[in-house]
Amino acid sequence: MSTSVVPPLPKQGFGNWLKKHFFSTWLNSVFTVIFGAVLIWMCIKLSNWAILDAIWSVDNKEHCGHGAGACWAVIQDRGRLIMFGLYPYEEQWRSTLACLIVILTIGLSCLPSFWSIKKLPALWVIGFGTFVLLMRGGFAGLPLVTSEQWGGLSLTIFIFSAVFVLGMPLAVVFALARRSSLPVIAKGTGLFIDLVRSLPLLTILFAAAVVVPLLVPDWLEGNKLGRVVVAFAVFFAVYQAEIIRAGLQSTSQGQEEAAAALGMPYWSLVVDILLPQAFRNTLPSTINQAVITFKETSIVTIIGFFEVMASGNAAIGGGEWTEQFVEVYVFLALVYFVFVFGLSRYGAWLENRMRVGHA
Amino acid sequence: MTKLFTSQKFRRTAVQVLFVAAVVLFILATIIVGRTNIADQGIATGFGFLNQTTGWPVSFSLTDVGPRSTYTEVLFAGLLNTMLVGFMTLFFATLLGLFLALMRISSNSLMKLVGTTYVEVFRNVPVILQVFFWYAILTHLPGPRQAYSLADIAFFSNRGLMLPAPSLSGLDILIFLVGCVAIGFGLKSIKSKKTGLRLPLAIIAAVALFVILLVTGRDADVPLWSVPELKGLRFVGGVSLKPEFSALLIGLTLFGASYIGEIIRGGLMSVDKGKLEAGSALGMSAFQINRYIRIPLAFRAMLPSLSNQYIWLMKGTTVGIAIGYPDYFAIVSTSINQSGQTMELLALLMGGFIVVNYSIGFAMNLLNSRLKLKGRS
């Protein structure tokens with residue numbers, strides 16, 4: 001007796017698509033109209049400012065600021081200062097090459113074929129080592145450029161990669177120590193991690209730059225950049241240690257017991273069984289932490305380093321370009337955005353891939 | 001003897017004793033070297049300096065401090081500055097974050113696009129760059145005489161933002177805040193079937209308290225609302241937000257909102273779809289589903305990440321030093337320069353942040369355990 005009803009087909013066509021996405025209810029229609037109008041107005045204004053009315057070359061710089069659009073001439077004029085800081089002019093190709101090598105290293109370590117416990121550290125040590133050698137020079141006819149003269153984007157990249165290279169092994173040690181079966185070591189490490197985590201990065205870097213020279217004997221002082229990088233690495237390590245610890249906890253207890261039953265030594269258990277799984281499980285959070293670290297390198301500008309944020313400020317600091325601060329800050333934002341957005345998109349892609357893999 | 005070394009128990013104890021000894025030795029060595037280095041510079045150790053006058057002015061503070069104030073007073077003013085900008089950031093960023101989250105989960109693709117663009121732009125640029133940017137914008141505004149005005153009651157100039165304000169003294173504001181908390185607790189204890197009455201009652205009581213404070217306890221010739229006015233080269237009346245404060249607040253709020261928006265969105269999305277469908281199957285309206293199912297569950301899911309983010313933002317206020325906002329860290333760092341009491345001030349700095357952050361963590365944990373779903377999890 002029952003009459004069967006065919007399920008309604010989803011409506012097709014451009015009109016229905018528009019209705020579903022923009023005008024589904026009267027409230028949505030109102031929002032669409034208002035937001036659409038504001039958005040179109042903003043896009044027109046922005047493209048006029050940034051492209052159509054913009055002044056691109058230093059030759060036309062007298063037109064800047066008189067109702068014209070963006071004055072990108074400042075980037076042409078001060079671009080080298082922003083990118084290289086006080087690095088000697090003739091040697092700036094080295095700085096460029098060194099940055100490209102680290103970017104290549106970051107790119108390669110994103111490829112799954114490099115994800116092994118031997119390849120990844122080797123890749124980073126080689127990449128970072130080449131970077132330092134190229135930047136420093138002092139061999140094979142390359143003039144010596146000491147770290148006081150490093151600046152701009154290459155200093156940012158140096159701090160980021162040094163923090164990563166030093167911080168990662170430290171993070172593994174912290175994570176293992178916090179999970180140690182020896183109560184004193186576990187509690188002590190836990191206390192240290194929580195203490196550092198409750199402090200702002202800036203205060204730790206400040207302590208490393210200004211206070212540590214007072215507290216250690218002269219022979220241990222090192223240079224300021226070295227101290228700050230080590231302090232930054234410790235800061236990175238305590239956050240990364242918590243991520244690794246979460247990854248270690250997600251491996252099942254049975255695996256550790258199985259390894260013990262087979263008589264595997266502790267280091268083999270850690271290196272061959274626990275760490276690969278811990279890293280794989282927490283890859284998205286690790287990348288997120290790398291992204292945060294890259295953004296936070298900008299903090300060192302406050303304690304007097306000439307990285308890309310500080311050199312940007314210097315470009316508008318004195319003299320002729322003081323009115324072009326918007327252009328310079330937008331340019332700096334774009335520089336950071338390229339790195340950070342790229343890395344975070346990669347993290348999101350990876351997360352998606354893993355979710356598919358687990359289902 | 002070999003038996004002793006192969007014994008698990010002995011080895012475990014020995015390793016731990018060595019660990020403790022190394023840590024103690026390290027701390028002792030640092031203190032000894034530090035003390036001698038500082039004594040070489042002729043600086044007395046100890047906390048006695050806290051009662052000395054500083055001799056330098058503080059550009060912005062809630063309490064009345066100047067060159068004649070003691071270190072204790074100035075440090076306290078710095079801590080208040082940090083908390084002022086921190087808590088205001090948390091409030092506004094949460095509000096804006098909520099809007100962003102609602103935009104990103106809306107069915108309207110245009111709103112989704114706007115929300116997503118905002119989050120991607122503001123989240124992927126360092127907060128210090130954003131603060132520098134807003135500071136540059138605010139200090140490049142025209143001078144007081146050419147200030148932009150909003151209906152002649154609010155003015156924007158390179159001296160800061162001048163806003164109208166109710167004529168309340170500091171004591172009035174304190175009474176109001178305490179009163180609000182008291183109202184909250186008072187109404188919480190009312191056992192009534194009509195719990196829906198609580199919120200309207202609380203709002204009425206708070207407004208009444210505000211009006212009473214505004215009308216009473218002021219001189220007869222002072223108006224109820226103080227409006228800024230241009231007198232000569234500067235503004236008189238109202239409340240003035242210095243460019244340093246405003247830039248830090250705007251920068252941190254816009255940056256924090258992008259993170260908080262993502263946390264709220266994650267919370268809202270984490271609610272099991274079946275529960276929402278069950279609600280609509282029971283005949284609940286869209287508002288009821290949101291009010292009684294979605295928001296309570298989402299709120300519980302996002303609380304832990306939210307409290308982490310709040311603590312992060314509180315720590316983020318330290319970038320204020322870059323544009324000259326005298327927060328706790330800036331005050332401590334000036335004090336170190338001026339007095340040389342490095343170790344003591346560093347301890348106070350860490351102590352201050354630990355107290356503030358642990359209080360936020362504690363409050364959020366309390367909220368979390370209060371709200372936790374009762375019964376089997």
Side-chain angles (χ1 to χ4, degrees), chain A residues 20-25 27-29 31-32 35-36 38-39 181-185 188 192 195 197-203 206-207 210-211 213-218 220 291 294-299 301-302 309 312-313 316 322-323 325-326 329-330 332-334 336-341 344, chain B residues 12-13 15-17 19-20 23 29-31 33-34 37-38 41 103 106-114 117 120-121 123-130 132-133 136-137 140 311-312 314-319 321-322 329 332-333 336-337 340 342-343 345-346 349-350 353-354 356-358 361:
Chain A
K20 186 179 166 215
H21 285 277
F22 297 103
F23 301 102
S24 55
T25 62
L27 197 64
N28 260 339
S29 312
F31 278 132
T32 302
F35 272 90
V38 172
L39 215 61
S181 62
L182 305 172
V184 172
I185 290 177
F192 177 74
L195 182 74
R197 273 162 59 97
S198 68
L199 291 172
L201 172 64
L202 182 55
T203 63
F206 172 80
V210 179
V211 183
L214 282 173
L215 303 183
V216 298
D218 292 342
L220 243 175
V291 165
F294 191 85
K295 280 189 289 178
E296 285 187 334
T297 54
S298 56
I299 297 251
T301 176
I302 295 176
M309 179 75 238
N313 267 337
I316 50 175
T322 39
E323 293 302 314
F325 62 94
V326 175
Y329 285 142
V330 167
L332 286 182
L334 279 176
Y336 280 106
F337 189 85
V338 167
F339 281 90
V340 170
F341 187 70
S344 64
Chain B
R12 289 170 64 95
T13 321
V15 168
Q16 297 189 51
V17 167
F19 177 77
V20 172
V23 169
T30 321
I31 290 176
V33 175
N37 277 354
I38 288 167
Q41 299 180 355
M103 277 169 99
S106 103
S107 60
N108 187 329
S109 297
L110 196 69
M111 308 239 305
K112 254 189 218 167
L113 178 75
V114 173
T117 315
E120 291 301 350
V121 168
R123 203 170 54 159
N124 289 327
V125 174
V127 64
I128 185 168
L129 176 56
Q130 299 189 32
F132 271 131
F133 176 78
I137 294 267
H140 279 77
I311 290 175
W312 193 94
M314 211 61 181
K315 293 192 283 184
T317 57
T318 46
V319 302
I321 194 177
F329 174 63
V332 167
S333 113
I336 289 181
N337 275 337
T342 311
M343 284 159 95
L345 282 163
L346 208 62
L349 175 68
M350 297 189 169
F353 272 103
I354 286 170
V356 172
N357 290 339
Y358 268 74

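In what follows, chains are A, B, ... by sequence order, proteins preceding strands, each numbered from 1.
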Self-check item: Per-residue contact mode, B:L346 against chain A (heavy atom under 4.5 angstrom)
Solution: side chain
Practice problem: Check each atom of B:M350 against the heavy atoms of chain A and say whether the ones under 4.5 Å are side chain, backbone, both or neither. | Solution: both
Quiz prompt | Pairing residues for B:R12 by the side chain to side chain donor-acceptor pair (under 3.5 Å) criterion, not counting sequence neighbours | solution = A:S181
Quiz item: Can you list the residues that meet the side chain to side chain donor-acceptor pair (under 3.5 Å) rule with A:T32, with sequence neighbours excluded?
Solution: B:N108
Quiz item: For B:S333, is it the side chain, the backbone, both or neither that has a heavy atom under 4.5 Å from a heavy atom of chain A?
Solution: both
Quiz prompt | Interatomic spacing from CE in B:M103 to CZ in A:F31 - rounded to 0.5 Å | solution = 8.5 Å
Exercise. Flag the one option from A:I316, A:N313, A:L334 with the top tally of heavy-atom pairs under 4.5 Å to chain B.
Key: A:N313
Quiz item: So, for B:F132 and A:F325, is the gap between ring centers shorter than 6.0 Å?
Solution: no
Exercise. Taking the side chain as every heavy atom from C-beta outward, state whether B:I354 and A:L195 have any atom pair closer than 4.5 Å.
Key: yes
Quiz item: For A:L39 and B:L113, what are the C-alpha separation, side-chain angles and deciding distance, and is it a side chain to side chain contact (heavy atoms under 4.5 Å, CB included)?
Solution: CA-CA 10 Å; A:L39 215 61; B:L113 178 75; 4.3 Å; yes
Self-check item: Side chain / backbone / both / neither for B:F133 at chain A, heavy atoms under 4.5 Å
Solution: both
Exercise. Please state whether the side chain, the backbone, both or neither of B:M343 comes within less than 4.5 Å of a heavy atom of chain A.
Key: side chain
Exercise. Apply side chain to side chain contact (heavy atoms under 4.5 Å, CB included) to B:I128 and A:I302, showing your working.
Key: CA-CA 10 Å; B:I128 185 168; A:I302 295 176; 3.7 Å; yes
Quiz prompt | Heavy-atom proximity to chain A below 4.5 Å, by part of B:V319 | solution = both
Quiz prompt | Distance in Å, A:F337 CZ paired with B:E120 CD, rounded so as to fall on 0.5 Å steps | solution = 6.5 Å
Self-check item: Closest contact, heavy atoms only, A:P200 versus B:K315
Solution: N-CD, 3.6 Å
Quiz item: Closest heavy-atom contact between A:K295 and B:R123?
Solution: NZ-O, 2.6 Å
Quiz item: Going from CG on A:N28 to CG on B:L110, what distance comes out if it is rounded to the nearest 0.5 angstrom?
Solution: 10.0 Å
Exercise. With rounding to the nearest 0.5 Å, note down the distance linking CZ in A:F206 to CD1 in B:I336.
Key: 4.0 Å
Practice problem: Run the numbers on A:S198 and B:F353 for side chain to side chain contact (heavy atoms under 4.5 Å, CB included), then give the verdict. | Solution: CA-CA 7 Å; A:S198 68; B:F353 272 103; over 6 Å; no
Practice problem: Let me see the working for A:F339 and B:N124 under side chain to side chain contact (heavy atoms under 4.5 Å, CB included), right down to the final yes or no. | Solution: CA-CA 9 Å; A:F339 281 90; B:N124 289 327; over 6 Å; no
Quiz item: Of the backbone (N, CA, C, O) and the side chain (C-beta and beyond), which part of A:T203 lies under 4.5 Å from a heavy atom of chain B, both, or neither?
Solution: both
Practice problem: Quick one: which of A:A207, A:G36, A:P183 has the most heavy-atom pairs under 4.5 Å with chain B, could you say? | Solution: A:P183
Quiz item: Can you say whether B:T30 sits under 4.5 Å from chain A via the side chain, the backbone, both, or neither, judging by heavy atoms?
Solution: both
Quiz item: Picking from B:T13, B:L129, B:V23, which has the most non-hydrogen pairs under 4.5 angstrom with chain A?
Solution: B:L129
